[in-house]
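The structure appears below as structure tokens.
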Amino acid sequence: MTTIAPSELFQTEKEDLISGSEAIALACALADVDVITAYPIRPYDTVMQYVSKLKADGVFDCDFIVAESEHSQFEIVKHASSVGARTFCGSSGVGWFYAFEAITVTAGLRMPVVAMVGNRALDDPGAFGTEHNDALAVRDLGWMLYWVATAQEALDTALLAWRVAEDPNVLLPMAISCDGSFLTHSQAIVNVPTSDQVQKYLPPYDRGKLQLHPDNPITVAPQVNEDWLMEIRRQSDEAMQRSVSVIRDAYEDFKKTFNRGDPSPFIEEYMTEDAEIIIVGMGTLALPVKVAIRRLREAGRKIGFVRVKFFRPFPTEELRQVLGSSKAVCVVDRDYSFGSPSFAGVLFHELRSALYSLENRPMMLNFIAGLGGREVHVNDVNHMVDIVQKAVDTGKIEQESTWIGVRE
Amino acid sequence: MSTVAVEVVYRGIFQKTLARNIVRTIVFAARKEGKIGTAFGRYGDSPERNGIPAKQFAVVADDPEELDETLARYEPTEVDVTINVDDTLCKGVESWAWYGLQPINQLTKPDGTLIVTSWQDADSLIRDMHQKDAPIGLSIVKGTVSFSGLWVYKDDHTDVRILGTLAKVCPQLVSLESMLEAIQEQMDNETKVASAQKSFDLASVRPVEPGEGNPETPYKFELPGWKTMEEGVVIRGIEAGAGFRGGDGGYQPVRSEVFKKYSTRSMRPVINFETCIKCTLCWLQCPDTCFDVTPDGLYDANMESCCGCGVCEAVCPVPDCVTMVSEADFEDNNSQYEMWQEDKQGYNSWMTALVDKQKAETRTHGFHHVGGYAEEISEMTEA
């Protein structure tokens, strides 16, 4: 839609000291996003601040619309996406929930909106710290869901997100989750790619025959009944299944273009090769866990870590492969699912379901930790590992799910 | 392993850009030496409130692995250098979150350094600081506390003068050359580079031994566990009528014992009880209901509650009846009304001296700062 000469800012590769939110705002400029909508809620609002600054500074141009609520904010990008605009928006906590009707129709209509969720505890009580239940709530709706751990990964994943979401074989929205505070408000050294690299990697969004346009008269979203609905759902299911190989290809291409990335787009493995106990978690939890593992390894303990990056599509195959040879899996949830099968966390149940068909299933223990942004320290990690080790040694799980760092 | 951490303790909003300039420049300077770093504000302090003590940090390490743990924390467990950009914070730091009062030197490592911008001398600052069981160094950057109005940055070289001092007192962080290079690159201003160099040359450290300083135990807030906390996200209110003395007894509202916020204060009101016309405006307008009604209908500002916003001074219709004066001149929160009752003449001359001193000073509490600071720069850099 809008065209502008690439900013001088992006002529050469350079490094900058920026937060995860700034990294995503820069990705919006690099990807030349057409329509960005905003409505303030902490910690997501840091992204809209940087986007509006980049626009005001003339780094890039876009239609930047501050809506009157999150619901409108997500409605606007859904409609913009239908006419062929590359879009971005985002929210946090209960703001994300207020947009829920728009969020579910965005996926239902196959609109490749990219959103950033600055993870925040849901009200009540009103709190600002990170908790994953906000973003997780869309897990059944056809949104691809990703958790990043560093500011660099935030920038990189945003570029990947438009590439995958807008792929004609996918056309599904994608949410990038960034832990409030630890990512949204911490500045780290980030490599910022050039416009040329990004243009080479990210083709223009082409909605083809599905684009709403006077030259292509179509009706989008008519009312249907039971005689249509199941087929429509099956299409979304198939698109999500197809996304797995699209993600894989897009990630390989990413690594070639930008010269960085992990072996797998879906999970990050850390010291898993010979690990007897493997910790699994998402987001910035990786940072203290890795520090703890390095120290445990020095003491001769065989502990590893897997960070789940894509929660949707869920990396079942990858996880079976890496966890299948371990003795026990220690799942750390920065979320809760009250009344769930084991009164445990969401990731734990998903993971147990994914591993159920393995012939030799590892023991599985769950830990609820870091809710509302409470810090997870190295000592907390050691404590969890000790509990899991005891289960391994005795062959008995005393308690499936344990709350860590909660005051009795 | 050589991770170096620096914290900047500052007044929310008024000194935010100042703090940000300091921590970011530290990381860029370290980058010049091939190190890696992170700069961040403590999340619990944001969104910032006027004058509330807040913190920003810079952490520098030799490699990314060392930084990992820092990046998932709100604040480091200890720092090599604490930078305090408002000397009244030497009395303690009470953040936006309910942490109780944190001594200014709490995170400063043994043999670490506390840098303070102040016109006060070392002895006077040390009297305010809580005692620590390990020695630290105190380095004073002489100058007027850098306060601007809301969201206005006062570019009076305080940032670079601190950075120059930092390079001297913490050589393991970065060399002076890297610091000056980063300042030039980030700020593009040669006079600021010169100010940093000058501060480096002038910087000295006064050792603070264990046992020196304020012997009081800073107040704490005990957090309940999930079994003892009331369910339903409930906080019990104060009983109706509590604090009401009845008749001519005045009114002294009951205040929460666990939530104090007086470290927010960089200035406090002093009251001339002789000229008060009992108009009630201070009592009505105070956002923290800190005015107690005395039995004779005067108003006594309760210093356990006052956040130092200066609204009382602004609304008082009588000249010099309520005057905001520097918090640095006080060592307790005692009642001014009681002082006046005990010795009216003594109180009046003490109060008048404070008011006169304030009129001669350039200190502000930020809420209604009026510009004009260029002339301050040379005065401070020569000091």
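Source: prediction; values computed, not measured.
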Q: With side chain to side chain donor-acceptor pair (under 3.5 Å) as the test, would you mind laying out the steps for B/R24 and A/Q187 before giving the verdict?
A: CA-CA 9 Å; B/R24 281 178 64 83; A/Q187 303 162 69; 2.4 Å; yes
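Scanning all heavy atoms of the two residues, the minimum distance from A/A23 to A/A154 falls at CB-CB, 4.4 Å. Between A/V94 and A/D123, the closest heavy-atom pair is CG1-N, 3.5 Å.
With chain B as partner, the option from A/V291, A/T184, A/L17 having the largest number of non-hydrogen pairs under 4.5 angstrom is A/L17. Ranked by heavy-atom pairs under 4.5 Å with chain A, the list B/M229, B/E65, B/K227 is led by B/E65. Counting heavy-atom pairs closer than 4.5 Å to chain B, the top-ranked of the candidates A/T284, A/I189, A/T130 is A/I189. Between chain B and the options A/G129, A/G373, A/S19, the largest number of non-hydrogen pairs under 4.5 Å is found for A/G373.
Only the side chain of B/R31 comes within less than 4.5 Å of a heavy atom in chain A; its backbone stays farther off. Interface residue B/F28: only side-chain heavy atoms are found under 4.5 Å from chain A.
Taking 4.0 Å as the cut-off between side-chain N and carboxylate O, B/E75 and B/K55 count as a salt-bridged pair.
Between A/W147 and A/F311, the ring planes are perpendicular. Angles over 60° get that label, and only those under 30° would be called parallel.
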